[in-house]
Amino acid sequence: MIAKNEIAGKENSGLGSGLTIETIRNAIIEDRTTATALAGDYYERIRREDPEIGAFLTLCEERALAQAGQIDQMAAEGIPLPPLAGVPIAIKDVMVTRGVRTTAGSKILETFVPPYDCTAVARLEAAGAVILGKLNCDEFAMGSSNENSAYHAVHNPRDKSRVPGGSSGGSAAAVAAEMAVATLGSDTGGSIRQPASFCGVVGLKPTYGRVSRYGLIAFASSLDHIGPFARTVKDAALVLRTIAGRDPMDSTSAEVPVPDYVAELEKPVRGLKVGVAKEYFGSGLDLEVRAAVEAAIQKLAELGCEVVPVSLPHTEYAIPTYYIVATAEASSNLARFDGVRYGFRAKATTLSEMYRQTRDGGFGMEVKRRIMLGTYALSAGYYDAYYLKAQKVRTLLTRDFDEAFKKVDVIAAPTCPTPAFKLGEKVDDPLAMYLADIYTVTANLAGIPGISVPCGENHERLPIGLQLFARHFDEGTLLRVAHAFERAALVVGR
Ligand code: GLN
């Protein structure tokens, strides 16, 4: 069990549940509550709810209360408050936080306390957010169910016998259970959108290069993205606006202007073209998911969007392509965990024994599987057959989207083939687990933005997600369509 810091004072903010970024900021400005009382409320909820959910790995109460105190001080002095003033936010434990333990869900980093902050976290704090703590995830973000965490599983708040999705399972569950107003996750092959869909919240993967990856513990560098979870599309837009934009510390972050995503939400959607690709509605798609997503597309048509068939013919190769590129990059990225520089170090008599035992004892089974797969795909003799081939197919998949986006503004699809599955259901079958990513990995391979927004429930009341894709750097249109749908479908705040 992981030690959590002392729980904050018991003052009550009086704001109740169902809070959004806007309601919080207004309540503080209008002096109806304080950031300190709110942080106290959220810690109390975490203490009450999280023992059964398991979303948090570490709380950083001292840091949160210091920040909340500063916001309250500003409010008392009448200083204009920044856009996320007092908003309780939590961070997936793959983003480093200065002075706050960061594990990546791995035993190998159990004692790792980073000396600096991830840019996205620093930007949230600079905008007034109160960072509550660090969230559980699959080890090094490898997984689709959060069951690969070296610490403990996360239970889906909507049905505790089920997984919350992964790898950002803690990030999705924390928002769904209102243990944070918004969270950050990372998405390499679906790890924001899939858990958002399973937990009934909004999850956004921005364009590759839109958000700095500085301070994100790398899994597969050409596929990794940071993005927000929130209860509403507007809150996701507010968080994205804060974390997006060029960062000199990440040379892959793009020099592309960041629009005011919140203003974009209000533009009309009438006349926009929504693409529908048959490749995302094939065999393996749960019938209730299909029905909910088709109804959502119908709703977009009622809002004045034009539904246009498009073709993404290389989709069937996406899973093998992803699992070669991602594992190859992971095998290289994870070489740095050798017991010398970070975290856990096994006791041994020789240096090579120390490396071997550190990595053997520090990494879990899935991480070892990925390192082996990736090392194999990159090895002499197999490189051309696997890695190089996968890179070529990646180009074809990207071209599929380029062609489709000549005809349409967004593409609508299911986020996942099924609703949340049971804990334990797929742990012994890695291939079945990998197939859960079938509709999400394509956006990572192409680098385009994608969002999952709740679009209904199945007969067991399990949430279903509608996924939307847009052109590179067109998160504005993506959010606008998602927002219009959310409003029309009245699924806000579920
Ligand atoms: N489920 C996918 C995997 O296991 C995606 C993970 C992710 O996006 N971080 O690789």
Side-chain angles (χ1 to χ4, degrees), residues 91-95 104-106 135-150 154 163-172 183-199 203-206 208 211 213 216-229 318-334 363-374 377 390 394 415-418 420-421 425-427 429-452 465 467:
I91 309 293
K92 182 179 183 182
D93 212 16
V94 289
M95 282 162 250
S106 181
L135 296 160
N136 205 349
C137 56
D138 284 303
E139 185 175 2
F140 287 102
M142 297 174 187
S144 306
S145 68
N146 216 120
E147 291 163 298
N148 296 334
S149 165
V154 178
V163 303
S167 64
S168 316
S171 305
T183 56
L184 290 186
S186 66
D187 190 315
T188 304
S191 280
I192 292 176
R193 291 158 288 151
Q194 186 252 23
S197 164
F198 279 13
C199 291
L204 169 69
K205 180 199 88 67
Y208 188 77
V211 176
R213 289 181 294 112
L216 171 66
I217 295 174
F219 160 11
S221 308
S222 78
L223 299 161
D224 291 343
H225 303 67
I226 290 175
F229 287 86
I319 288 279
T321 305
Y322 169 80
Y323 276 95
I324 287 171
V325 175
T327 56
E329 293 186 18
S331 72
S332 162
N333 271 324
L334 270 59
F363 289 141
M365 221 178 40
E366 182 61 27
V367 173
K368 288 177 186 163
R369 177 164 27 236
R370 306 257 179 143
I371 292 172
M372 286 190 280
L373 282 170
R394 182 176 188 176
T415 307
C416 308
T418 65
F421 43 89
E425 192 180 318
K426 294 189 203 269
V427 269
D429 188 350
L431 268 183
M433 194 71 96
Y434 295 174
L435 283 170
D437 306 331
I438 191 155
Y439 302 139
T440 49
V441 294
T442 47
N444 299 73
L445 289 163
I448 56 169
I451 193 168
S452 181
Q467 182 172 218

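All values below come from the heavy atoms of this structure, side chains included, with hydrogens, waters and symmetry mates left out. For ligands, and for the atoms within them, numbers begin at 1 and follow the listed sequence.
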Query raised in the report: Going through the checks in order, is the ring pair (Phe, Tyr, Trp, His ring centres under 6.0 Å) test met by Phe219 and Phe140?
Result: CA-CA 6 Å; Phe219 160 11; Phe140 287 102; 8.8 Å; no
Query - Amino acids contacting ligand 1, non-hydrogen cut-off under 4.0 Å - result: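 Contacting ligand 1 under 4.0 Å are Ala141, Met142, Gly143, Ser144, Ser167, Asp187, Thr188, Gly189, Gly190, Ser191, Phe219, Tyr322, Tyr323, Arg370, Asp437.
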Query - salt bridge (Lys or Arg N to Asp or Glu O under 4.0 Å) involving Asp437 - partner list, sequence neighbours excluded - result: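 If we apply the salt bridge (Lys or Arg N to Asp or Glu O under 4.0 Å) test to Asp437, skipping adjacent residues, there are no hits.
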Query raised in the report: Quick one: salt bridge (Lys or Arg N to Asp or Glu O under 4.0 Å) partners of Arg370, sequence neighbours excluded?
Result: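 Arg370: salt bridge (Lys or Arg N to Asp or Glu O under 4.0 Å) contacts with Glu366.
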Query raised in the report: When you measure from the side chain of Ser149 to the backbone N and O of Asn146, does any donor-acceptor pair fall under 3.5 Å?
Result: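 No.
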Query raised in the report: So how far is it from Ile438 CD1 to Ser144 OG, rounded to the nearest 0.5 Å?
Result: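 It comes to 12.0 Å.
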Query raised in the report: Quick one: side chain to side chain contact (heavy atoms under 4.5 Å, CB included) partners of Tyr208, sequence neighbours excluded?
Result: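 Here the qualifying residues are Arg213, His225, Thr252.
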